[in-house]
Amino acid sequence: MTSIVVNLSDLELDPAATLDSGQVFRWRHLNESRTEWMGIVSGAQFKVTRKVATLVGSDRNSFDFDELISRYFSAGDRLESIFSSFPSDDPLLNSALSRFSGLRLITQDPWECLVSFVCSINCNIPSIKLKIENLSRKYGKRIDSSLDEKSYSFPTARALSKAEKNDLLNCKLGFRWRYVKFIAQKVAAGDLDLEKIYSMPYKAGLSELISKDSGKTFGVGPKVADCVLLYSFHKSEAFPLDVWIMKCVKKYYSTELNKLPEKLTLRNYLFIAESMRERFGINAGYAQLYLYEKIRRDSVTQSKARA
DNA sequence: TCCCAGGTCCTAC
DNA sequence: GTAGGACCTGGG
């Protein structure tokens with residue numbers, strides 16, 4: 001395998017913030033200072049630092065890895081210009097922007113992203129990583145790597161559409177097994193065409209992802225759909241509302257909403273997300289990314305302080 | 001042992 | 001239309 005090194009120095013990339021931000025789940029740090037990371041992108045294994053991405057393994061012989069990595073880290077996004085699009089009178093967001101500058105939106109494969117966030121339902125991040133790793137080991141392809149450790153590509157929809165219930169349960173999917181199998185069958189059969197969502201506006205993409213077949217269990221609600229729209233289709237208006245962001249909205253932004261509903265029904269979800277879009281504008285998804293990072297890190301710091 | 005986690009679905013009203 | 005509760009499981 002020829003040595004392929006992609007230059008990242010123009011990106012202002014903070015790998016620790018970006019690769020451990022809950023957008024992607026197939027990365028781990030290689031040193032305690034969290035400056036070197038290793039992970040899988042579209043069947044290729046990379047080592048990443050602030051300055052470069054180095055290909056260390058792949059199941060493809062020839063491929064434009066430079067293009068793959070530039071796209072993955074959303075190289076077209078200019079952070080300074082995005083930051084300047086936010087309201088200046090927001091101390092919480094401003095503190096997050098300066099503290100985590102270099103946190104970038106990932107543009108990952110929609111299929112992998114969809115399954116990952118279905119696996120995220122009612123789970124914490126280590127548990128999501130475990131599920132995805134198990135699925136990849138069981139149903140993915142072994143990646144030929146220059147490193148000793150074994151790694152596997154993310155399984156195709158076709159592979160997961162044929163998976164047995166017990167095997168999915170052995171991958172620790174729990175009740176999510178039927179959701180994963182269902183969407184795999186839907187994608188494999190062409191009933192859900194993820195590719196066409198690239199050209200759709202945000203709201204049409206949202207409807208496409210959360211549409212149901214005769215009320216049948218699907219596993220994709222507004223939160224999962226927003227994550228997929230933001231982290232793979234790069235629809236930057238998407239503002240995923242999870243338990244962390246809801247705590248943040250209640251504490252800092254609830255006065256902007258006429259009355260903050262207690263229960264997050266679909267209707268309430270759409271109302272709150274729309275309010276946040278009105279506040280943060282076209283790049284609301286970037287604001288969500290930074291706010292999420294801040295409240296999650298602050299929570300870790302606080303729980304350590306209490307211990 | 002209990003509680004919670006990047007939610008969604010079903011039932012009853 | 002919506003509140004209440006169930007759901008697998010690992011980790012703190």
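The analysis underlying the following values was restricted to heavy atoms, covering all of them including side chains, and did not include hydrogens, waters or symmetry mates. So that the names make sense, note that chain A is the first sequence line, chain B the second, and so on, each numbered from 1.
- The residue A:S21 sits close to a base: some heavy atom pair falls under 4.0 Å.
- A salt bridge links A:D298 with A:R99: at least one charged nitrogen is closer than 4.0 Å to a carboxylate oxygen.
- A distance-only check finds a donor-acceptor pair linking the side chain of A:R104 to the backbone of A:S74 [under 3.5 Å].
- Nearer the 5' end of DNA chain B, as judged by each residue's closest nucleotide, is the contact made by A:I245, out of A:I245 and A:V220.
- A:W244 has its CH2 atom 11 Å from the P atom of B:dG7, to the nearest Å.
- Spacing between atom CZ of A:F117 and atom P of B:dG7 amounts to 10 Å, rounded to whole angstrom units.
- Note on A:K223: a base of the nucleic acid sits closer than 4.0 angstrom, heavy atoms only.
- The separation of B:dG6 from C:dA3, taken at their P atoms, amounts to 24 Å, rounded to a whole angstrom.
- For A:R176, no side-chain nitrogen or oxygen approaches OP1 or OP2 of B:dT8 to under 4.0 Å.
- A stacking contact links A:Y292 to B:dG6: the aromatic ring centre lies within less than 5.5 Å of the base's six-membered ring centre, and the planes differ by less than 30°.
- Judged by atom type and distance alone, A:N122 does not reach the base of B:dC4 through any side-chain donor-acceptor pair under 3.5 Å.
- With ring centers used as reference points, A:Y290 lies 6.0 Å or more from A:F280.
- Between A:F117 and A:F25, the distance separating the two ring centers is shorter than 6.0 angstrom.
- Using the Watson-Crick or G-U wobble rule with both distances under 3.5 Å, C:dC8 pairs with nothing in any strand shown.
- Nearest nucleotide to the A:S120 side chain, out of C:dC7, B:dG6, C:dG10: B:dG6.
- For A:S299 (side chain) and A:I295 (main-chain N/O), no donor-acceptor pair under 3.5 Å exists by modelled atom type.
- The pair A:R297-A:E293 counts as a salt bridge, with a side-chain nitrogen and a carboxylate oxygen less than 4.0 angstrom apart.
- As judged by a 4.0 angstrom heavy-atom cut-off over every strand, A:G22 is placed among the base-contacting residues.
- Closest approach to the A:K247 side chain among C:dG10, B:dG6, B:dA5 is made by B:dA5 (side chain taken as heavy atoms from C-beta onward).
- Comparing atom distances between the A:T265 side chain and each of B:dT8, B:dG6, C:dT2 picks out C:dT2 as nearest.
- Across all strands, A:P126 comes closer than 4.0 Å to no nucleic acid atom at all (heavy-atom distances).
- When heavy atoms are screened at a 4.0 angstrom cut-off, A:V118 is found touching no nucleic acid atom at all.
- Checked against A:K203 for a side chain to side chain donor-acceptor pair (under 3.5 Å), the options A:E274, A:E237, A:E208 give a single hit: A:E274.
- Closest approach to the A:Y231 side chain among B:dG6, C:dT2, B:dC9 is made by B:dG6 (side chain taken as heavy atoms from C-beta onward).
- Taking only side-chain atoms of A:I121, from C-beta outward, the nucleotide of C:dC8, C:dG1, B:dT8 with the closest atom is B:dT8.
- Across the C1' atoms, C:dC7 and B:dC4 are found 14 Å apart, a figure rounded to whole Å.
- To the nearest angstrom, C1' of C:dC7 lies 8 Å from OH of A:Y179.
- Here B:dG6 presents its P atom at 7 Å from CZ of A:R296, a figure rounded to the nearest Å.
- The side chain of A:D242 lies closest to B:dG7, out of B:dA5, B:dG7, C:dT2.
- With rounding to whole Å, A:Y269 atom OH is found 17 Å from C:dT2 atom P.
- Atom name C1', nucleotides C:dG11 and B:dT8: the rounded distance is 22 Å, in whole Å.
- Atom CD1 of A:I132 is separated from atom P of B:dG6 by 13 Å (rounded to the nearest Å).
- To the nearest angstrom, P of C:dG5 lies 18 Å from CG of A:L264.
- Following rounding to the nearest Å, A:L241 (CG) and B:dT8 (P) show an atom-to-atom distance of 10 Å.
- A sub-4.0 Å separation between OP1 or OP2 of C:dT9 and a side-chain N or O of A:K131 is absent.
- Residue-level contact check: A:C227 touches neither bases nor backbone, having no heavy atom under 4.0 Å from any strand.
- With distances taken from any side-chain atom of A:P222 to the nucleotides B:dG7, B:dG6, B:dT8, the minimum falls on B:dT8.
- The base-pairing partner of B:dG6, taking Watson-Crick or G-U wobble contacts with both distances under 3.5 Å, does not exist among the strands shown.
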